Structure formats: C-alpha cells, structure tokens
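Before any comments, here is the structure.
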Amino acid sequence: HQRADLPTPRPGRARVEVTVAPKKNTPLPGPTVFIDGECMLCNHTVAFLAARDSQSILRFAHLQGPLAAQWLTPAARDVGPGGAVVFIEPDRGGRSSTRSAAILRILGRLGRGWSLVAMLASVPGVPRALDVIYRHVARNRDRWFGRDEKCLVPTPDLRARFLEPL
C-alpha cells in the first residue's frame, strides 16, 4: 500500500489518508487525476489541464465513480467541503498525492514552464501554505463556481481521456 504525501494535521483536525493497492485494482493506464465530477471548478480545471497537456498523458476520473471506489479510501473520495483532488502516478511507483501537492505534481506533468511551478513543492513550507489556500477555495468552491450533477460536455478528445463513461 502507498500513502499520499499529506502534511501532519493541526490538533483537532482529521488526516485524510489515500491508500492505493494497485495489484488489487483495475490498472490505471497513466497518471490519473480524480476530481469531484459535480464541481464546476473541478470541471474547468480538467479542461485547463487537458488543453495544456500537449502529450495527452493525464487521465481523469470522478471521485464519485467506480474507479475511485476501487482505488481510494472513502475519506479520499469525500467531495464535501474538505474534499480534495487526488493524483495517482502508476508510472512512478503508484505515488499518490492530494490537495496542493497533487496540483503541483499535476502541473509538473504539463512540462514547459509548468515544471518550474511544480518545483514549489520542494521549497520548505510552501506546500503547507498552499494547502491553506487550497482548503479555503475547497470550502467555497460550490458557492463561487456552483455544482451540477452532470459535468461539462467535453470534446471527443477530452472524453477519451476519462477512464469512465461521463
């Protein structure tokens, strides 16, 4: 089993653990971003990432879907105010990450100048500070961007990068 690289929680806060067991699950075909499929910010984020992923290496799945149920703990699939994006990298030993660490690792996969942004993860204190911002946005995302039971209608190219039917 592999665990996500999560910061130590403050006293009184629960730690979300992401446990993956690749040998027991449907294999992931590549680096996979698990997002809240009903969150409009998340759907726009997928479109942003796909447009900048020139090699089309990123794959996407919804936290509410069957693939997430196979790969992630119930806490990791939480789409409530404390919910988080989850990124699993089967080509890097099944490494998993959440929140701002996941965002930085995902951006690092885009290449070009995005790799420089991803290097922020190695600067002491930066991931923890970015998690504060991430949690603030996560708590307010539905109010700011809305929710919809159906995701945005993707282009055929983007639809092909989803690991489950939309």
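Not measured: the values here are computed from a predicted model.
- Under the 3.5 Å distance criterion, the side-chain polar atoms of D53 are matched with a main-chain donor or acceptor of S56.
- F34 CZ to L163 CG: the interatomic distance, rounded to the nearest 0.5 Å, is 7.0 Å.
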Given L41 and V137, is the side chain to side chain contact (heavy atoms under 4.5 Å, CB included) satisfied, shown in steps?
CA-CA 10 Å; L41 173 60; V137 172; 3.7 Å; yes
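- Hydrophobic cluster membership differs between L116 and W114, with clusters built from Ile, Leu, Val, Met, Phe, Trp and Tyr side chains linked at under 4.5 angstrom.
- Among all heavy-atom pairs drawn from A121 and P127, the shortest one is O-CG, 3.3 Å.
- Taking every heavy atom of both residues into account, A50 and L158 meet most closely at CB-CD1, 3.5 Å.
- In this structure a side-chain-to-backbone donor-acceptor pair under 3.5 Å is present from T32 to G30.
- Using modelled atom types, one side-chain atom of N43 and one backbone atom of C39 make a donor-acceptor pair closer than 3.5 Å.
- Checking each of H62, R77, Q64 against D36 for a side chain to side chain donor-acceptor pair (under 3.5 Å) leaves exactly one that passes, namely Q64.
- Listed here is the closest heavy atom pair of A102 and F87: CB-CB, 3.8 Å.
- The two residues A68 and E164 make their nearest non-hydrogen contact at N-OE2, 4.2 Å.
- Listed here is the closest heavy atom pair of I88 and S96: CG1-CB, 4.0 Å.
- Taken together through direct or relayed side-chain contacts under 4.5 Å among Ile, Leu, Val, Met, Phe, Trp and Tyr, V123 and I106 form part of one hydrophobic cluster.
- Side-chain heavy atoms closer than 4.5 Å link hydrophobic residues (I, L, V, M, F, W, Y) into clusters, and following such links, even through other members, never connects L130 to M119.
- Rounded to the nearest 0.5 angstrom, L110 CG and F48 CZ are separated by 7.5 Å.
- In this structure R109 satisfies the side-chain hydrogen bond (donor to acceptor under 3.5 Å, both in side chains) test together with E89, D91, sequence neighbours excluded.
- With rounding to the nearest 0.5 Å, the separation of NE2 in H44 from CZ in F145 is 8.5 Å.
- Between S115 and G108 the shortest heavy-atom distance is OG-O, 3.6 Å.
- With contacts defined as side-chain heavy-atom distances shorter than 4.5 Å, the pair V33/V46 does not qualify.
- To the nearest 0.5 angstrom, Y134 atom OH is 11.5 Å from L104 atom CG.
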If you apply the rule side chain to side chain contact (heavy atoms under 4.5 Å, CB included), what do you find for L72 with L67, and how did you get there?
CA-CA 8 Å; L72 306 175; L67 196 62; over 6 Å; no
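- How far CD of E38 is from CG of D142: 9.0 Å, rounded to the nearest 0.5 Å.
- Rounding to the nearest 0.5 Å gives a distance of 10.0 Å between OG1 of T45 and CZ of F60.
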